[in-house]
Amino acid sequence: MGLSSMKKDSDALRQLKAELLQDYEFIKFNAQKNTVMTERVAYSIDKDEYLYAALGYTLHNLYNAFEGYFLRIAKFFENNIEQLTWHKALLDRMTLHIEGIRPALIDLDMSYRIEEHMRFRHVFRNIYKTPLVPAKVELANQAAQHIAEDFKPYHERFIAFIDKLIAEVDGEEM
């Protein structure tokens, strides 16, 4: 399926680009909140469950920011998301180069780091009758360190791909 068969005009591509740029700012914002909470945990004398719950909350939000970014790409280019185990399928899909449609957004190493957040978020959202385990929060938090900066080259490369598509579509419209 080529670009012309996708029937995406340059306005839609420009909108996608603007949304991804905004999503990346949200990723950075949530990464900064995570950094602040990581420092609070490190310097806190009383490391209670509430402190780790706040740190877990920042990890939860950081993963959600990435997932929103990924969903936008999948909906625009592939236009389908499987319902069963879609969180993992979406993350796996971001590592795929889909010929004639789009390049891979991230490599396997980055996907493993983000997957750590996905697994943690699932536990964090569904924890009802069990206590939050600080060691598990710390493990997920290790994967978060510098993740926004480490994601930046992937983001920039994908934005450059969109810019190229915009130029191609604008050239076809002339």
Side-chain angles (χ1 to χ4, degrees), residues 15-77 81-96 102-162:
Q15 178 180 337
L16 174 64
K17 177 183 175 183
E19 290 168 345
L20 291 177
L21 290 169
Q22 186 178 56
D23 287 348
Y24 181 62
E25 290 301 314
F26 192 59
I27 288 169
K28 292 190 312 186
F29 173 74
N30 280 290
Q32 179 57 35
K33 285 176 132 183
N34 175 260
T35 299
V36 168
M37 276 312 304
T38 299
E39 290 171 1
R40 283 187 188 172
V41 169
Y43 295 114
S44 177
I45 295 169
D46 183 22
K47 294 183 188 331
D48 63 12
E49 182 180 0
Y50 300 110
L51 190 63
Y52 282 98
L55 181 59
Y57 176 74
T58 67
L59 292 168
H60 173 276
N61 289 346
L62 183 57
Y63 172 76
N64 284 345
F66 275 104
E67 187 170 86
Y69 190 107
F70 299 161
L71 270 171
R72 214 177 282 288
I73 291 171
K75 286 179 180 178
F76 188 89
F77 288 100
I81 302 292
E82 298 82 19
Q83 292 302 312
L84 190 61
T85 67
W86 72 269
H87 299 281
K88 176 71 169 113
L90 176 65
L91 181 56
D92 290 345
R93 189 178 302 169
M94 292 301 109
T95 65
L96 297 177
R102 65 165 180 80
L105 172 64
I106 57 176
D107 61 23
L108 288 175
D109 289 336
M110 179 59 75
S111 77
Y112 297 149
R113 288 179 67 190
I114 295 170
E115 185 177 351
E116 184 67 37
H117 291 114
M118 180 187 67
R119 286 194 305 271
F120 175 79
R121 191 203 77 180
H122 176 76
V123 169
F124 187 77
R125 287 181 69 155
N126 296 297
I127 195 167
Y128 300 113
K129 293 183 179 182
T130 58
L132 189 62
V133 178
K136 290 183 179 179
V137 179
E138 291 282 358
L139 181 65
N141 198 49
Q142 287 174 8
Q145 300 309 299
H146 308 289
I147 199 163
E149 296 90 7
D150 295 345
F151 181 70
K152 185 178 181 179
Y154 300 100
H155 165 71
E156 289 175 342
R157 188 169 42 249
F158 204 82
I159 293 298
F161 164 73
I162 292 172

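Just so you know, residue 1 is the first one in the sequence shown, and it goes up from there. Everything numeric in this text was worked out from a predicted model, so none of it was measured.
- Legend: side-chain hydrogen bond (donor to acceptor under 3.5 Å, both in side chains) pairs involving residues 144-155, not counting sequence neighbours, sorted by first then second residue: Tyr69-His155, Asp107-Tyr154, Arg113-Asp150.
- In this structure, Thr35 OG1 and Arg40 CZ are separated by 12.0 Å, a value rounded to the nearest 0.5 Å.
- Considering every non-hydrogen atom in both Asp46 and Leu51, the closest pair reads O-CD2, 4.1 Å.
- Taking the side chain as every heavy atom from C-beta outward, Arg102 and Met94 approach each other to under 4.5 Å.
- More than 12 non-hydrogen atoms from other residues, nucleotides or ligands lie less than 6.0 angstrom from CZ of Phe161.
- For the pair Leu16/Phe77, a side-chain contact is recorded, criterion being any heavy-atom separation below 4.5 Å from C-beta on.
- Contacts of Tyr52 classified as side-chain hydrogen bond (donor to acceptor under 3.5 Å, both in side chains), with partners at least two apart in sequence or in another chain: Glu138.
- What you find for Glu67 and His87 is that their closest heavy atoms are OE2-ND1, 2.6 Å.
- A distance of 13.0 Å separates NZ of Lys33 from CG of Leu55, quoted to the nearest 0.5 Å.
- Side-chain contact between Asn141 and Phe120 is absent, with no heavy-atom pair separated by less than 4.5 Å.
- Taken to the nearest 0.5 Å, the CG atom of Leu62 stands 11.5 Å off from the CD atom of Gln32.
- Atom-to-atom distance recorded for Asn34:CG and His60:NE2 is 13.5 Å, nearest 0.5 angstrom.
- The two residues His117 and Ala144 have their closest heavy-atom pair at NE2-CB, 3.2 Å.
- Side-chain contact between Leu71 and Trp86 is present, with at least one heavy-atom pair separated by less than 4.5 Å.
- A heavy-atom distance below 4.5 Å is found between the side chains of Ile114 and Ile147.
- The shortest non-hydrogen separation linking Gly68 to Asp23 is O-OD2, 3.9 Å.
- Counting only heavy atoms from C-beta outward, the side chains of Ile106 and Leu91 approach each other to under 4.5 Å.
- Put simply, the side chain of Tyr63 never gets that close to the backbone of Thr58: no donor and acceptor are under 3.5 Å apart.
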Hey, mind stepping through Leu20 and Phe158 against side chain to side chain contact (heavy atoms under 4.5 Å, CB included) and telling me if it holds? CA-CA 9 Å; Leu20 291 177; Phe158 204 82; 4.0 Å; yes
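- Between Phe151 and Phe66, the ring center distance clears the sub-6.0 Å criterion.
- In this structure, Arg157 and Leu105 approach most closely via the heavy-atom pair NH2-O, 4.5 Å.
- Note that the CG atom of Asp48 and the CG atom of Leu132 stand 10.5 Å from one another [nearest 0.5 Å].
- Counting only distance, with no hydrogens or angles, the side chain of Ser44 and the backbone of Val41 share no donor-acceptor pair below 3.5 Å.
- Nearest heavy-atom pair across Ala54 and Met37 is CB-CE, 3.5 Å.
- Rounding to the nearest 0.5 Å places CG of Leu59 at 14.0 Å from CE of Met118.
- Side chains of Glu116 and Tyr112: a donor-acceptor N/O pair is absent below 3.5 angstrom, by distance only.
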